Amino acid sequence: MTVRTRFAPSPTGYLHVGGARTALFSWLYARKHGGQFVLRIEDTDLERSTPESVNAILEGMTWLGLDYDEGPFYQTARFDRYDEIIQQLLDNGHAYRCYCSKERLDELRETQMAAKTKPRYDGHCLKNKADDPDAPHVIRFRNPVGGSVIVNDLIRGKVAISNDELDDLIIRRTDGSPTYNLTVVVDDMDMNITHVIRGDDHLNNAPRQINILNALGAEAPVYAHVPMILGDDGSRLSKRHGAVSVMQYREEGFLPEALINYLVRLGWSHGDQEIFSIDEMISLFDIDDVNKAPSSFNTEKLEWLNQHYIKETDPAHIATLLRPHMGKLGIDPSEGPDLVEVVKAQQERANTLEEMADISQFFYKDYDEFDEKAAKKNLRPVAAEPMIKIREALASLSEWNEATIHTAIHDVAAALDVKMGKVAQPLRVAVVGRAASPGIDITLFLVGQEACLRRIDRALAYIEARANETAAN
RNA sequence: GUCCCGUUCAUCUAGAGGCCUAGGAUAUCGCCCUUUCACGGCGAGUACAGGGGUUCGACUCCCCUACGGGACGCCA
């Protein structure tokens, strides 16, 4: 039997990191076993499902490289099939009509909560038939009484739940639409899903689903409930923890390789290995190695991985990805040095593409103003003389390249009998406006001779103004 | 409240009864490299939730407690 897994999100929002990891695990499992990965959109909640959300989910999966072999299948397109199954359950006594009002159910729930018991439907309509069978009603699955259901979970092991804990759940609403627990069972059955890998929050649903499957005479798939992802403070992951949407990570300048690598290591590990290529994940991943405990999302480790992949990736490719981030800052990289060269210079200095764009702005436009601390420290009157000398040296260069620039700076330092730092650091601040940049030679080279001289003049004016100010006091 | 699940450094994790003086990674701090920032190298501190058993021996097995998470919907 070939392995068939699925990812079945409900389109009520964006693809978030928790869903993405579940999808990744399902995808890896299918790929590892040479099986199929199916995408199914669970859109039976007509109120909350939106086409925008469907697009967001598809976009997120595409970006992460989680390709599916079948689908997307939409549950809203399968209502006839669900009706058929519901009728079948009705016919063989595994389901019944329920005419209880919402008010009655709410009241029942409250009473039971007050009595400190688990809220459950009391089976009222099972015993009392309505006068008019066509009056508005829902359809309930008739859950077995007594005994217990064993969920043989690949991650949790054997989980037993007593049938007395389960009540007769609604499988069709008053408006005729089927509910989740019914559709998921029918779909997994029809789509021949062999392994249901999903979030831990569904563990409680498994026994009810197994009961429905039994009533249908179908075999249950193998279940694997993966633990949830929590925020960095250990509480349920939410927007207040920062980015939760997969696409937001792209906007913030993360590479899909980094996010995938981060996600695969959350709740799963293979010895001490931290870096995994997709092929390695496929060959090494195993459900048996997935942890039972929930894990906290840690952005700092994600950033480390992102930097790792930025360093490892071909600069030309990084440049392509960086371009839109430059654009967001109002910079057109075609009006300046080759972006690929800029990437090479910055590759080891940025955790994200967004950050790389930020620290690369000065290659393309003059800085707005000096970084205060850097200017205060480096653009002092004592820096004036070396700065004037270096300006002369740079201005006289007829060949503008890293080697000639290097020699020029070196010679000035030697002539003044000072360390390189005394010359290079004020020069850096003069040219880039702040204290940090790539190597001084490559920086000057990429900024260009004309812009360098212009900015040095600006720094000299700054130093002079400051000297006058000091003298005046 | 009831039921289900979980608990190793701040965080992700290794650990399948003696290999554990509990290993790796991120983060933090220090040193080295260095014209800055990074990268890289080296090093430091930091954990088996608590209590009972079982055993010659428990991070590993069992029980209880505490804490955390999930479910209890005409949501999925």
Side-chain angles (χ1 to χ4, degrees), chain A residues 8-12 42-45 47-49 75 98 100 102 105-106 109 112-120 136-140 151 153 155-157 159-162 164-167 169-177 179-181 183-184 198-207 225 227-228 230 232 234-236 262 265-275 291-305 307 311 346-351 359 374 378 409-410 413 419-429 432 434-441 443:
Chain A
S10 61
T12 54
E42 308 216 323
D43 53 356
T44 52
D45 183 347
E47 302 274 306
R48 296 194 300 157
S49 300
Q75 292 191 322
C98 170
C100 293
K102 277 186 185 161
L105 297 176
D106 288 345
R109 210 177 347 261
Q112 289 172 141
M113 288 286 258
K116 304 188 177 189
T117 57
K118 190 170 183 169
R120 284 164 37 228
H137 64 273
V138 300
I139 292 173
R140 288 184 183 271
V151 182
D153 194 281
I155 296 170
R156 317 319 264 246
V159 178
I161 287 159
S162 165
D164 296 336
E165 292 296 327
L166 276 20
D167 64 356
L169 64 291
I170 293 171
I171 55 176
R172 187 165 74 183
R173 303 183 182 92
T174 308
D175 68 3
S177 62
T179 62
Y180 166 74
N181 278 299
T183 59
V184 77
R198 73 217 319 185
D200 193 328
D201 47 338
H202 288 294
L203 182 55
N204 290 278
N205 289 323
H225 289 94
M228 316 229 71
L230 308 175
D232 49 15
S235 69
R236 194 189 179 114
Y262 179 72
R265 278 286 288 100
L266 211 51
W268 174 81
S269 61
H270 179 74
D272 288 339
Q273 191 170 345
E274 296 288 349
I275 306 295
N291 286 164
K292 297 176 200 278
S295 37
S296 293
F297 196 92
N298 182 238
T299 307
E300 282 161 343
K301 188 154 184 179
L302 205 210
E303 284 176 349
W304 170 71
L305 279 164
Q307 182 184 49
K311 278 187 303 197
Q346 299 281 219
Q347 223 159 357
E348 288 177 344
R349 284 165 236 269
N351 286 333
I359 61 174
N378 296 290
I409 298 171
H410 194 268
K419 288 192 172 169
M420 280 288 278
K422 291 282 179 195
V423 178
Q425 194 55 12
L427 175 60
R428 183 190 317 280
V429 176
V432 309
R434 55 210 267 177
S437 83
I440 193 75
D441 305 333
T443 298

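Predicted model only: the values in this text are computed from it and were never measured. Every chain is numbered from 1 and lettered A, B, ... according to where its sequence line falls, protein lines coming before strand lines.
In this structure, CZ of A:R349 is placed 6 Å from C1' of B:C37, rounded to the nearest angstrom. In this structure, NZ of A:K422 is placed 16 Å from C1' of B:U34, rounded to the nearest angstrom. Following rounding to the nearest Å, A:D106 (CG) and B:G73 (P) show an atom-to-atom distance of 10 Å. Atom CG of A:D45 and atom P of B:C74 are 12 Å apart (whole Å). Rounded to whole Å, the distance from CG on A:L166 to P on B:U2 is 18 Å. Protein atom NE2 of A:H410 is 10 Å distant from nucleotide atom P of B:U35, rounded to whole Å. Residue A:Q346 contributes atom CD, which lies 16 Å from atom P of B:U36 at whole-angstrom precision. At whole-Å resolution of the value, CE in A:M228 and P in B:A76 are 17 Å apart.
Nucleic acid contact class of A:P438 (heavy atoms, under 4.0 Å, all strands): base. Counting non-hydrogen atoms under 4.0 angstrom, A:K118 reaches a base of the nucleic acid. If you check every strand for non-hydrogen atoms under 4.0 Å, A:K311 touches sugar and phosphate atoms only. A:G199 comes within 4.0 angstrom of no nucleic acid atom, judged by non-hydrogen atoms across all strands. Among the atoms of the strands shown, none is found under 4.0 Å from any heavy atom of A:E47. Across all strands, A:R48 comes closer than 4.0 Å to base atoms (heavy-atom distances). Within 4.0 Å (heavy atoms only), A:H202 reaches at least one base atom of the nucleic acid.
Enclosure of atom NE2 in A:H137 by more than 12 non-hydrogen atoms of other residues, nucleotides or ligands within 6.0 angstrom is indicated. The environment of NZ in A:K419 is sparse: at most 12 heavy-atom neighbours from other residues, nucleotides or ligands sit within 6.0 Å.
Across B:A76, B:U35, B:U2, the shortest atom-to-atom separation from the side chain of A:I440 is found for B:U35. Relative to the side chain of A:E300, the nucleotides B:U35, B:G70, B:A27 differ in distance, and B:A27 lies closest.
Under the Watson-Crick or G-U wobble criterion, with both distances below 3.5 Å, B:U28 is paired with B:A44. When both distances must be under 3.5 Å, the Watson-Crick or G-U wobble mate of B:U55 does not exist. Base pairing annotation: B:U35 forms no Watson-Crick or G-U wobble pair, as no partner gives both donor-acceptor distances under 3.5 Å. With a cut-off of 3.5 Å on both pairing distances, the Watson-Crick or G-U wobble partner of B:G68 is B:C5. In a base pair of the Watson-Crick type (N1 to N3 plus N6-O4 or O6-N4) or a G-U wobble (N1-O2 and O6-N3), with each distance short of 3.5 Å, B:A22 is matched with no nucleotide.
Separation of the C1' atoms belonging to B:G30 and B:G23 is 22 Å when rounded to the nearest angstrom. Of the P atoms belonging to B:C61 and B:C5, the separation is 16 Å, rounded to the nearest Å. Taking atom P on both B:G68 and B:A49, the two are 16 Å apart, rounded to the nearest angstrom. Here the separation of B:G43 from B:G24, taken at their P atoms, is 10 Å to the nearest Å. Here the separation of B:U8 from B:A47, taken at their C1' atoms, is 6 Å to the nearest Å. Nucleotides B:G57 and B:C19, compared at atom C1', are 14 Å apart to the nearest Å. Comparing the P positions of B:U26 and B:C20 gives an interatomic distance of 22 Å, to the nearest angstrom. B:C67 and B:A27 have their C1' atoms separated by 25 Å, with the value rounded to a whole Å.
The side chain of A:R120 places no N or O atom within less than 4.0 Å of a non-bridging phosphate oxygen (OP1 or OP2) of B:U2. Within the structure, a side-chain polar atom (N or O) of A:T44 is placed less than 4.0 Å from OP1 or OP2 of B:A76. Distances shown here put a side-chain N or O of A:Q307 below 4.0 Å from the OP1 or OP2 atom of B:C39.
A distance-only check finds a donor-acceptor pair linking the side chain of A:D153 to the backbone of A:H225 [under 3.5 Å]. Checking side-chain atoms of A:Y262 against main-chain N and O of A:N298 turns up a donor-acceptor pair under 3.5 Å. A:T179 contributes a side-chain N or O that, together with a main-chain N or O of A:I170, makes up a donor-acceptor pair within less than 3.5 Å. Judged by distance alone, the side chain of A:Q307 and the main-chain N or O of A:R349 form no donor-acceptor pair under 3.5 Å. For the pair A:S162 (side chain) and A:D164 (backbone), a donor-acceptor distance under 3.5 Å is present.
Between A:R156 and A:D200 there is a salt bridge, since at least one side-chain N of the basic residue sits less than 4.0 Å from a carboxylate O of the acidic one.
Residues A:T117 and A:Q112 are in side-chain contact: their nearest non-hydrogen atoms beyond the backbone lie under 4.5 Å apart. Between A:R434 and A:I359 the shortest side-chain heavy-atom distance falls below 4.5 Å.
Remark on RNA chain B: of its neighbouring residues A:Q75 and A:K116, the 5'-side contact belongs to A:K116, judged by nearest-heavy-atom nucleotide. Mapped onto RNA chain B by nearest heavy atom, A:E165 and A:Y180 fall at different nucleotides, with A:E165 at the one closer to the 5' end.
Evaluation of the side-chain contact (heavy atoms from CB on, under 4.5 Å) rule for A:D175 yields A:R173, A:S177 as partners, not counting sequence neighbours.
Counting atom types as modelled, A:S437 pairs no side-chain N or O with a base atom of B:C37 as donor and acceptor under 3.5 Å. Between the base of B:A76 and the side chain of A:N205 there is a donor-acceptor pair shorter than 3.5 Å. On a pure distance criterion of 3.5 Å, no polar donor-acceptor pair joins the side chain of A:R434 and the base of B:U36.
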Report task. For each nucleotide in nucleotides 4-14 of chain B, reading 5' to 3', give B when a protein heavy atom comes within less than 4.0 Å of its base, S when such contact involves only the sugar-phosphate, and - otherwise. Result -> SSSS---SBSS

